[in-house]
K.L.:
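One structure, as structure tokens, below. Some questions next.
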Amino acid sequence: MQGFDPHRLTAEDDPYPIYREMREEHPLYYSEEREIWVVSRYADVRATLLDAGTWASGQGTVPSGFLAEKPMLISEDPPYHTHLRGAVHLSFTPRRMRALEKRVREIAVELLDAVDPEADTELFSTYTDPLPVAVMTELLGVGIEDRDEFKRCADAIIHTTEGRGEAAAEAQRWIFDYLENVLPERAQDADPEEDLVSMLLQPPPDARGQLTHDEVVGFCTILLLAGTETTTNALGNILHLLERNPALRAELAARPESLPLAIEECLRLESPVQGLSRVASRDVEVLGEKIREGERLHMLFGSANRDERVFPDAEQLDPRRDPNPHLSFGLGIHFCLGASLARTELRVGLEELLARYPGYALDRERSHRQASDTNRGFTQLTARLAGPA
Ligand code: HEM
């Protein structure tokens, strides 16, 4: 097999034959150039996710080992992770997320109202990118006057590869400063029903523990990092898959109640997070090989989700697949905290777009995939919206 370079593979139209080869021939692969082990079968990815005692997140969960400055849920291990997650989980209940649905729909409608369906529309900059960022500023209670600057900084952080670079660092500082400035105001006037930051500052009695200011800032930042680009990528990937399956697209436009299952299937086939990594906290044997403490193991969700051992006709899009135990939101203690919100954003975003433009046509020449060690999605997706249904 020719080396494994996630940065190149995530951007390919069809990385899946290579994943298949890995599953069949090299279920545990060592990438010399990245100095990283890779597991690609469903059972091995699942076992790794479920064994947080052996497989730590504390040294970063991307292949490069990048770590942000503030305490971040996603890159902490128990017992500290348990404390942080206990303090925030109530703010993300499915019930609370359903209450956000009305706002998500208003934002989607506003964005669609602003496009000219007769002209070419760049769906990334007009729809798939601003929708999740607007939902996040809503969730965080960012004031309307600060939204544009907030979005500029969020974009600089999110769209810089692995969050590095001077622009990203400066944008991160702006967001930290912004949140640090609003925290004292919110603490005085906190109404936990109103927004997430207030709720974190004044947790309800049944919440487990309270966060320090630094932890609240870190949490808000991880929401931006974990909750926006992933959802943008999911939405773009689904629009792309549906365009290639016009019969399914027409069915979903006519019967939006079929969307939830179809969305899960699209998330399985084109996982917005193709893979994440862990570091061994002790010497451990995997598939007969010894992995030493401190070595990094990459879990290929994009491959596990197409493992025939678990998913019959795994390469096929079956919009009624049920059960569909894909790993696109992870599993175990780090299971995606925003999964309900993401599902709501995807369903509502697709309902609104398909209701108006069931026959949208993508321009392949002007659609580009992002290159990333972990994420798969489009950074440009040009479409003619008003097409024949
Ligand atoms: C389709 C969109 C999304 C996908 C595919 C996705 C995927 C994931 C995955 C795979 C993980 C597990 C990380 C790990 O095991 O290391 C994760 C964790 C997380 N996600 Fe999402 N996510 C999405 C949307 C969101 C949204 C909208 C939010 C916030 C509102 C969010 C917040 C988080 C947080 C805070 C974590 C860390 C949880 C922890 O470490 O305990 N995600 N996500």
Side-chain angles (χ1 to χ4, degrees), residues 45-46 48-52 55-63 66-68 70-78 80-89 91-94 96-97 100 104 128 131-140 154 158 196 200 211 215-216 218-238 263-264 266-279 296-302 304-305 326-350 372 374-377:
V45 171
R46 183 175 185 277
T48 309
L49 284 167
L50 290 178
D51 185 3
W55 298 108
S57 294
Q59 293 171 54
T61 59
V62 294
F66 173 75
L67 271 176
K70 302 265 168 179
M72 299 257 179
L73 193 60
I74 207 161
S75 46
E76 298 295 342
D77 294 308
Y80 186 52
H81 173 268
T82 320
H83 160 72
L84 285 180
R85 183 121 181 170
V88 301
H89 84 286
S91 46
F92 274 83
T93 55
R96 220 180 147 87
M97 290 305 117
L100 255 179
V104 176
T128 63
L131 180 66
V133 178
V135 172
M136 207 55 70
T137 54
E138 189 72 26
L139 191 69
L140 297 178
I158 295 157
L196 186 79
L200 295 172
L211 300 180
E215 288 167 343
V216 174
F219 182 60
C220 296
T221 313
I222 188 62
L223 290 184
L224 272 176
L225 294 177
T228 51
E229 186 179 317
T230 44
T231 314
T232 294
N233 285 344
L235 194 52
N237 290 343
I238 297 176
I263 289 172
E264 295 307 307
C266 293
L267 288 172
R268 177 186 74 82
L269 265 187
E270 289 281 25
S271 189
V273 182
Q274 289 277 291
L276 289 174
S277 63
R278 300 288 192 256
V279 170
R296 193 170 280 277
L297 176 70
H298 194 62
M299 306 169 287
L300 261 187
F301 303 149
N305 282 348
H326 65 73
L327 297 175
S328 300
F329 288 117
L331 201 67
I333 65 166
H334 292 281
F335 179 78
C336 178
L337 190 66
S340 311
L341 178 59
R343 287 175 165 132
T344 303
E345 287 184 58
L346 294 174
R347 178 174 51 75
V348 171
L350 289 165
S372 154
T374 53
N375 292 356
R376 177 166 173 83

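Numbering of ligands and ligand atoms starts at 1, following listing order. Keep in mind that the numbers below use all heavy atoms, side chains included, and drop hydrogens, waters and symmetry copies.
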K.L.:
Checking contacts here: is it the side chain or the backbone of A226 that comes within 4.0 Å of ligand 1, counting heavy atoms only? Could be both or neither.
P.N.:
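Looking at A226 and ligand 1, atoms from backbone and side chain both fall under 4.0 Å.
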K.L.:
Any nitrogen or oxygen of T61, side chain or backbone, less than 3.5 Å from one on ligand 1?
P.N.:
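Min N/O separation from ligand 1 is not below 3.5 Å for T61.
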K.L.:
Under 4.0 Å, counting heavy atoms only: does I333 come that close to any atom of ligand 1?
P.N.:
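Contact present.
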K.L.:
Should you measure from each heavy atom of L341, which atoms of ligand 1 turn up under 4.0 Å away?
P.N.:
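The atoms of ligand 1 under 4.0 Å from a heavy atom of L341 are 30 (C).
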K.L.:
Side chain, backbone, both or neither: which part of R278 comes within less than 4.0 Å of ligand 1 when only heavy atoms are counted?
P.N.:
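Only the side chain of R278 comes within reach of ligand 1.
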K.L.:
I'd like to check which ligand 1 atoms, numbered from 1 as shown, lie under 4.0 Å from a non-hydrogen atom of L223.
P.N.:
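What qualifies from ligand 1 is 29 (C).
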K.L.:
Polar contacts were defined as any N/O atom of the residue lying under 3.5 Å from an N/O atom of the ligand; does this apply to R85 and ligand 1?
P.N.:
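In this structure, R85 places an N or O atom under 3.5 Å from an N or O of ligand 1.
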K.L.:
Does any N/O atom on H334 come nearer than 3.5 Å to any N/O atom on ligand 1?
P.N.:
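Looking only at distances, the answer is yes, because the N/O contact criterion of under 3.5 Å is met.
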K.L.:
E76 near ligand 1, heavy-atom distance under 4.0 Å?
P.N.:
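The answer is no, since E76 has no heavy atom less than 4.0 Å from ligand 1.
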K.L.:
Is the closest heavy-atom distance from H81 to ligand 1 below 4.0 Å?
P.N.:
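Yes.
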K.L.:
Report yes or no: does a heavy atom of S57 sit under 4.0 Å from some atom of ligand 1?
P.N.:
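Flag not set, S57 not near ligand 1.
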K.L.:
Pick whichever of G338, C336, S271, S328 has a heavy atom sitting closest to atom 21 (Fe) of ligand 1.
P.N.:
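It is C336 that holds the nearest heavy atom.
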K.L.:
Would you kindly specify which portion of L276 sits under 4.0 Å from ligand 1, judged on non-hydrogen atoms: side chain, backbone, both or neither?
P.N.:
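Looking at L276 and ligand 1, just side chain atoms fall under 4.0 Å.
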K.L.:
As an exercise, identify every atom of ligand 1 less than 4.0 angstrom from a heavy atom of M136.
P.N.:
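Answer, ordered by atom number: 30 (C).
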